[in-house]
Amino acid sequence: MLLRIKKNLLLIMEQQRELELWQAFTEGDISAFEAIMLEQFPTLYQYGSKFSKNSEIVKDCIQDLFLYLWEHKEHLSKNVSVKAYLMSSLRRRIHLNKNIVSFDAMPTGESPLFQVAFSVEDAFIENEYLQRLSNQIKDTLTHIPQRQKEVIYLRFFQNLHRDQIAEVLCITPQTVSNILQMAFKSIRKNWKTEYFGLLFFHFVLS
Amino acid sequence: MEHYKYCSLQDLVLDDFFREWVLAPTPKLNAKWHQFLSENPERWDVIQDASLIVKAIKVEEPSISDQEIKSLIQHTVNKIEQKKEARTGVLSAGIKPLKIAFFRQTWFRLAASFLLLSGLGWLVYERYQTDNLYDKFVTDNKSKLIEVINNGVNPQIVLLNDGSKVTLNAGSRISYEASFSGNNRVVYLTGEAFFDVVRNPQKPFLVYANELVTKVLGTSFSVKANKFDKQVVVEVKTGKVSVSAQKGFDEKADKFKGLILTPNQKVVYDREVAQLTKSLVAEPIIIFQEKEEQKMDFNFDDTPANEVFEVLENAYGIHIIYDADLLKNCPVTAPLSDQNLYKKLKIICKAIEAQYELIDGQIIIQSKGCK
């Protein structure tokens, strides 16, 4: 319990620092602006590349986003979750980008797909049973609906919190929880079949 | 932690608190989970399995170098500058009716050059601003300092007055007192450097780098403290080093409150959360070569595992925690001269069905013994 509180405290301190940087930027401090770009670029690039295979377009979108923010800095909200706000803005920007739609050959009017490839690093696991379980999870993650995939990605691989995910996807926090629960359910369901399959296997052998 | 006694493998894999420990462990998280494991040793297997799964499942991310990011950012900043200039130009141009194209007029050219120059000046100023912690140290120090800046692309060797040798990486700077007349030998660093310090117990050697102070009597170690990095790292090659946060550090105090590092250990200071974490370097090297030359072949033949670990402990100077009584009955036969330390540990642990873990710069062997 105490650890949780401590953890939250660190998180709050970190958010406070991010926010101070953000406020300095909205007041016209260009070195704060550069620091924000430096901090957030890798995440934005990773996230953006899930919508387009063309890395140049993704880089362009991120740069355009930052240029836009600089030009409209006076009108930006001073109280935001920086990472979530930037990811959300990038997502919208990519969806509006005609180049991406044509490059990735999407039918007009449809938003680009969120495509993410999960993999299992075999080097970590020598035990065959665990390897099968990991592959099972990977396969489940690969086949769940796009929305669930995006939420899982943001939660587990970008370490965003529920409220931040809600902000990125423009949905309510409750919906985020529901989507996560649905994804967990799929993982559990597929896992169980695999697990019983293995048990059965053992039984037949012995 | 109560519910972790009963939860299943998949509960663990999907659990935030557990994932955080596996993917981004901190000493506090380690302590918490190790306490849990020592109270519930029967959970060891399931926790081990779950952590393997969590670590194994990855997302394929595109790679982009820091260099490229920096140049993209520079590009964006340049664009902002250009727009600013263009706008100022257009604004002033609107005041007078145009007879000749405004960009051909002398006043415009003057204004443009002025803007360009001030822009350049500002960029240079920014460059020098980047080392503010370092600058602060240097201006606060009242003695006469010598500064060495490595603007080249290769590491540069700097010999200090006391005979100590500093290998300064490209793009790094150090400042130090010419004669080391004070009670301490003080060096300020921004960037990366390797120090080979001549022993002098009367005059401790202090390196100030970002938020860390490293204090040694005589040893060799490296410091990485770049302005934009999120971490400050000190790695020890030989001897003993103590590292402390610069905040609250008092040069005159007798007691140096900090972490003690021994060879092959490193300390990472996370600048965002202001926290020091001790761990092992990526490639531990063998340290006591001359002393036990003949024993250093690592070719074990039916050697009890506890003796094997003793040999490794002496060779690498890293503390290994194991139950000698349990491991007496675990013979190891393996030629291990060519592998690095982690590979050696992996092979030994596989042979005796044990697991190893790195915690706070030490190695912990978990074994149930052999029959």
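Only a predicted model underlies this, so the values are computations on that prediction, with no experimental measurement involved. Here is the naming used below: chain letters follow the sequence lines, and residue numbers restart at 1 for every chain.
Looking only at heavy-atom pairs under 4.5 Å with chain A, the residue among B:Lys230, B:Glu272, B:His75, B:Lys79 that has the most is B:Glu272. Ranked by non-hydrogen atom pairs under 4.5 Å with chain A, the options B:Val13, B:Ile53, B:Val54 are led by B:Ile53. Considering only heavy-atom pairs separated by less than 4.5 Å from chain A, the leading option among B:Thr76, B:Asp66, B:Leu9, B:Leu23 is B:Thr76. Chosen from A:Lys50, A:Gln63, A:Arg155, the residue pairing most often with chain B at heavy-atom distances under 4.5 Å is A:Gln63. With respect to chain B, the highest number of heavy-atom pairs below 4.5 Å among A:Phe66, A:Phe33, A:Phe157 belongs to A:Phe157.
Using a 4.5 Å cut-off between heavy atoms, A:Tyr153 touches chain B through its side chain atoms alone. In this structure, no portion of B:Thr26 lies under 4.5 Å from any heavy atom of chain A. No part of A:Glu18 comes within reach of chain B, as not one of its non-hydrogen atoms sits under 4.5 angstrom from that chain. If you measure heavy-atom distances from A:Ser119 to chain B, the contacts under 4.5 Å come from both the backbone and the side chain. Proximity to chain A (any heavy atom under 4.5 Å) is shown, for B:Asp11, by both the backbone and the side chain.
For B:Lys224, the NZ atom sits in a loose shell: 12 or fewer heavy atoms of surrounding residues, nucleotides or ligands are nearer than 6.0 Å.
With hydrogens and angles left out, the side-chain atoms of A:Gln164 and A:Ser81 include a donor and acceptor closer than 3.5 Å.
Aromatic rings from B:Phe18 and B:Tyr4 are positioned such that their centres are separated by 6.0 Å or more.
Looking only at side-chain heavy atoms (C-beta outward), A:Lys59 and A:Tyr45 come within less than 4.5 Å of each other. B:Ile363 is listed as a side-chain neighbour of B:Leu341, based on a closest heavy-atom distance under 4.5 Å. Annotation: side chain of A:Gln40 is in contact with side chain of A:Lys83 (closest heavy-atom distance under 4.5 Å).
The pair B:Lys368-B:Glu353 fails the salt-bridge criterion, with no side-chain N (NZ, NE, NH1 or NH2) lying under 4.0 Å from an Asp/Glu carboxylate O.
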